[in-house]
Amino acid sequence: MVSIGKVSSVCLLLSATFAFAVGSQSAAAKDVIAKQLFGTVKDAADLKPAAHGTYTRGCLAGGRRLAEDGEAWQAMRLSRNRNWGHPNLVAYVERLARDAKKLDGWPGLLVGDLAQPRGGPMLTGHASHQLGLDADIWMLPAPGRTYTKSERENVSSISVVKNRREINSKTWTTGHAKLLKRAASYNEVARIFVNPPIKKALCKWAKGDRGWLRKIRAWYGHTYHFHVRLKCPRDSKGCRDQGAPPSGDGCGSELKWWLSDGPYKKKKPTKFKPELKLSDLPKACKSVLK
Ligand SMILES: [Zn+2]
């Protein structure tokens, strides 16, 4: 992963592939720009559910739509049509919402972007979220009522971070810590991305079992939401997992680095990467678009 010295509240920064050249596409123009296809398809591919490729270069067959409302969640920004995922992801969000409410007293999840109906690259935002295995969950708890369509477009989440090194003690609660612990506790979760002070707060808060902390990864952005990434489903043969996180709880030297100036030092400008073309994605993604 590349380091970029700009913190953003959205998940733009999960790979180097987010920086695209707009100007130098003469060669690329001969092939189809994948996001223009995946970004405009309205429904899932009527195929057996499968994730194909990698989190930043892939697509989704047989996607399921997360309902706008459930017993313990509300989907936000519905106009984006990104509340789709592999059935494993949708089941995960539903289960986390229910468990967090029942067992930890979290009022309910506000769910941000999952994926497009057929996954793939997006016209705006994320570099990842392409397999239907990534989900953004807001730090703002659900209100005690159902948001209107308009509120779901306009209400903002809250940041739980004060600055690069400190949590915002006015917005961060033990409820957030419990929610993140629960979110990491399921076997199907590969990683959860949070801003460094959040990881710091969790390292301090955790008592007893610290195994779950290994999955909580410090990263740029992710102050208004956290990002859950599931492992490849067993029956998705064409899905490629990331390597496992380093062993240990990540609360030592790794966190120390994240809380230093190291991650924010000016780097050489990232080489612009051309837009992903359809031919850059796994072959199976052509069938997913049909
Ligand atoms: Zn995300």
Side-chain angles (χ1 to χ4, degrees), residues 1-4 6-20 35 38-39 51 53-60 63 65-66 73-86 88-90 92-94 96-97 109-140 152 155-161 176 179-180 183-184 186 188-199 202 215-232 239 241-242 245 258 263 276:
M1 290 198 202
V2 74
S3 295
I4 299 150
K6 191 178 175 187
V7 179
S8 160
S9 64
V10 289
C11 290
L12 301 179
L13 306 175
L14 295 179
S15 97
T17 55
F18 95 102
F20 297 123
K35 68 179 181 182
F38 286 96
T54 67
Y55 297 96
T56 54
R57 193 178 278 231
C59 64
L60 168 69
R65 188 171 166 276
L66 176 73
W73 74 85
Q74 299 188 42
M76 302 298 283
R77 305 291 190 263
L78 297 171
S79 64
R80 294 182 183 176
N81 198 27
R82 291 177 181 173
N83 51 329
W84 296 79
H86 185 281
N88 287 14
L89 182 69
V90 175
Y92 167 84
V93 171
E94 294 170 352
L96 173 63
L109 301 182
L110 295 178
V111 183
D113 287 356
L114 306 186
Q116 300 172 138
R118 302 182 194 201
M122 298 182 182
L123 289 166
T124 55
H126 322 274
S128 65
H129 289 250
Q130 294 193 22
L131 295 179
L133 297 172
D134 294 287
D136 289 344
I137 297 177
W138 285 22
M139 295 297 185
L140 181 69
R152 287 176 207 234
V155 168
S156 297
S157 187
I158 44 163
S159 171
V160 294
V161 166
H176 288 100
L179 176 63
L180 278 156
Y186 305 97
E188 64 265 36
V189 174
R191 283 173 159 76
I192 295 178
F193 299 99
V194 297
N195 197 251
I198 300 173
K199 171 88 187 192
L202 293 173
K215 292 185 187 175
I216 308 269
R217 314 297 303 161
W219 195 248
Y220 303 95
H222 302 90
T223 53
Y224 286 79
H225 71 262
F226 62 92
H227 174 139
V228 180
R229 172 165 293 168
L230 299 192
K231 297 171 189 168
C232 283
C239 178
D241 277 306
Q242 268 179 282
W258 274 106
L276 285 177

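Counting starts at 1 for both ligands and their atoms, following the listed order. Excluded from the calculations below are hydrogen atoms, water molecules and symmetry mates; all remaining heavy atoms, backbone and side chain alike, are included.
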Hey, what's the ring geometry for H222 with F193, parallel, tilted or perpendicular (30° and 60° as the breaks)? tilted
For the Zn ion (ligand 1): the N/O/S atom of H227 at shortest distance: ND1
Nearest 0.5 angstrom please: F38 CZ to Q116 CD, how far? 8.5 Å
Is the Zn ion (ligand 1) less than 2.8 Å from an N/O/S atom of D136, whether that atom is in the backbone or a side chain? yes
L66 side, atom CG; L89 side, atom CG - distance, nearest 0.5 Å: 8.5 Å
Residue H222, metal the Zn ion (ligand 1), N/O/S under 2.8 Å: no
Does the shortest distance from the Zn ion (ligand 1) to an N/O/S atom of H129 fall below 2.8 Å? yes
side-chain contact (heavy atoms from CB on, under 4.5 Å), that's the test. Do I216 and I198 meet it? Break it down for me. CA-CA 9 Å; I216 308 269; I198 300 173; 5.9 Å; no
